[in-house]
There are 2 protein chains.
Amino acid sequence: MSKPNDFSIRCQNCSFNHLCIPVALNQTEMQSLDEIIERKRPLHKNDQLTIPGQKFTSLFAVRTGSFKSYITSPDGEQQITGFHFPGDVVGFDGLYSEKYQSYTQAMETSMVCELPYDKLDTMSAQLPTLRKEMLKIMSTEINQDHSLMMLLNKRTAEERLAHFLINLSDRFKSRGFSPAEFNLTMTRNEIGNHLGLTVETVSRLLTRFQKEQIIKVDGKNIQIQSIEILREKLGEHVANKKACG
Amino acid sequence: MSKPNDFSIRCQNCSFNHLCIPVALNQTEMQSLDEIIERKRPLHKNDQLTIPGQKFTSLFAVRTGSFKSYITSPDGEQQITGFHFPGDVVGFDGLYSEKYQSYTQAMETSMVCELPYDKLDTMSAQLPTLRKEMLKIMSTEINQDHSLMMLLNKRTAEERLAHFLINLSDRFKSRGFSPAEFNLTMTRNEIGNHLGLTVETVSRLLTRFQKEQIIKVDGKNIQIQSIEILREKLGEHVANKKACG
DNA sequence: CGTAACTTTGATTCAATTCAAAGCCCGTGG
DNA sequence: CCACGGGCTTTGAATTGAATCAAAGTTACG
């Protein structure tokens, strides 16, 4: 399929292998995994990696760039379910019904590793660590979605955006990028869509955070001046434990 | 562990096996699964099946009764992430980090089948269908969470409650219960918590739906008089496709 | 360098929350 | 058997956070 010459980077040297499927594998296992991976040529901005209804064949690990995933409702409404950066694995939604359920779209020029599912499955019969790792990644996704549910149901606009910025910062940090300065590859509209806010609200909040000296905003560029104050914004609710248990 | 005499029902005779893990298994495979399952004695109302931090050992299939799952934030806020009925499998959140991440609490006297994870895993090495089925169930959960995200971000209170009632109706139907009349095992407060609404809003909407002759409410008992009108409530938005793709 | 897409800012509106107060239901114990 | 109390539900009135509506700015790139 892919020519190993052109885009050949091996899991062994990949700077994101500590975040990706290889994390739990030993050298030999990683070698096996590496052999089934197909390196795809670059995707350009707005290219679709998966679309709903398309036959599920592979999972994809983001190698460079960034993606957004979104679903649509019958009436055309869109909901961005997540943003993906190097090391993230996408496509699990397709396991249900053998068809991808969401769009996965490149937000900039990006590269992915394609992991053909049938080969992964065969391998996982032999490798308990791989089997476990796949379940673990899905479990992580479920837990993240549950946290987001709490965020959307119980938090104010300000708290949501603070959470979003902290989350980005943490993710960039774990990838070896600066946690204090980064570029938003997504638009204000996309941030709002994901967080259940309007563009205007996102814009106003960024401006407000800047006035409060918490961040510096220059277009797509964000500098976090005080991650502490940002974190404080999350927990400022009074604990008014509602009946539930 | 469990005495096979007391609560012995086998997957083969279980009326929910078409909704549960056995769905994809043949007779022999179902037999093997059946052998690793431990039948737990009944849980009573408010008993916790899992709590966050507890070591992950098993998945649980609901056999009778109903459960709610919820997570909590540091400040004590709670978020109900889902309700579970017979045939549903819970506990996948524990695969990440080997610890359960959420509470799973019985909303009434209930029974579950316990599926020890290490045994399931060993089995799944041999049985591709089982391997696939587990991933599929998790994938379904991810997709449901994504739909809920859309519901919470883009829909009005009325649409959320309509969706909730239709969802319950559909689930009861697939379990062989009446889709037109059922009892809510959860309180108004719990419905609101899950849907991102207050008790008062839920109550007002149920009253309004009743006045509109869509449902009949009598305490916990719900009769759906017109599922069609209820469904219409979902799609009444004008398709004002926002920029996203 | 023109134009379409994105962002910001301001004014106004509104759906749902919050606050407040009954009412109801059901289990429990006298 | 009935009175009591706590939890749940309903209803109403007032409030508000974020949406909507409107209109400039700004950016990017073909």
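Just so you know, these numbers come straight off a predicted model, no measurement behind them.
Note on A/Gly196: only backbone sugar-phosphate atoms sit closer than 4.0 angstrom, heavy atoms only; bases stay farther off.
The distance from atom CG of A/Leu195 to atom P of D/dA19 is 11 Å, rounded to the nearest whole Å. The CG atom of B/Asn193 sits 17 Å away from the P atom of C/dA16 (whole-angstrom rounding). Between the C1' atom of D/dA18 and the CG atom of B/Asn153 lies a distance of 13 Å, rounded to the nearest Å. Following rounding to the nearest Å, A/Asn189 (CG) and C/dA5 (C1') show an atom-to-atom distance of 11 Å. A/Glu158 has its CD atom 9 Å from the P atom of D/dA18, to the nearest Å. Computed from coordinates, the A/Ile191 CD1 to C/dT8 P distance equals 10 Å when rounded to whole Å. One can place CG of B/Asn221 at 12 Å from P of C/dC26, the figure rounded to the nearest angstrom. Distance CG (A/Leu197) to P (C/dT8): 14 Å, rounded to an integer number of Å.
Judged by distance alone, the side chain of B/Asp93 and the main-chain N or O of B/Gln101 form a donor-acceptor pair under 3.5 Å. Formation of a donor-acceptor pair under 3.5 Å by the B/Lys233 side chain with backbone atoms of B/Glu228 is not found in this model.
A distance of 6.0 Å or more separates the ring centres of A/Phe85 and A/Phe16.
The side chain of A/Arg188 lies closest to C/dT7, out of D/dT20, C/dT7, D/dT9. Of the candidate nucleotides C/dT17, C/dC6, D/dT10, C/dT17 has the atom lying nearest to any side-chain atom of B/Thr198.
Counted by atom type alone, A/Ser69 and A/Ser102 present zero donor-acceptor pairs between their side chains at under 3.5 Å.
If one axis is set at each end of the helix from C/dC1-D/dG30 to C/dG30-D/dC1 from five pairs, those axes are 40° apart, to 10°.
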Tabulate protein N/O versus nucleotide N/O from nucleotides 25-29 of chain D, keeping only pairs under 3.5 Å, one per line.
none

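Each ring-ring contact (aromatic ring centres under 6.0 Å, His included) pair with one or both residues in residues 183-230 of chain A, not counting sequence neighbours, appears once here: A/Phe83-A/His194.
Scanning residues 200-211 of chain B for heavy-atom distances under 4.0 Å to DNA chain D yields B/Glu200, B/Ser203, B/Arg204, B/Thr207.
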Original post:
What do the steps show when you test A/Arg231 against A/Asp170 for salt bridge (charged side-chain N to carboxylate O under 4.0 Å, His left out), and what is the final call?
Top reply: CA-CA 12 Å; A/Arg231 281 189 205 282; A/Asp170 288 347; 3.4 Å; yes

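Comment: A/Asp75 engages B/Arg155 in a salt bridge, judged by a side-chain N to carboxylate O separation of less than 4.0 angstrom.
Heavy-atom minimum distance, A/Thr72 versus B/Met150: C-CE, 3.7 Å.
By the side chain to side chain contact (heavy atoms under 4.5 Å, CB included) test, B/Thr50 pairs with B/Gln54, B/Phe60, B/Tyr100, B/Thr104, sequence neighbours left out. Residues forming a side chain to side chain donor-acceptor pair (under 3.5 Å) with A/Asn221 (at least two apart in sequence, or on another chain): A/Glu181, A/Asn183.
Only one option out of B/Asn193, B/Asn189, B/Leu195, B/Thr187 pairs with B/Ile191 in a side chain to side chain contact (heavy atoms under 4.5 Å, CB included); it is B/Leu195.
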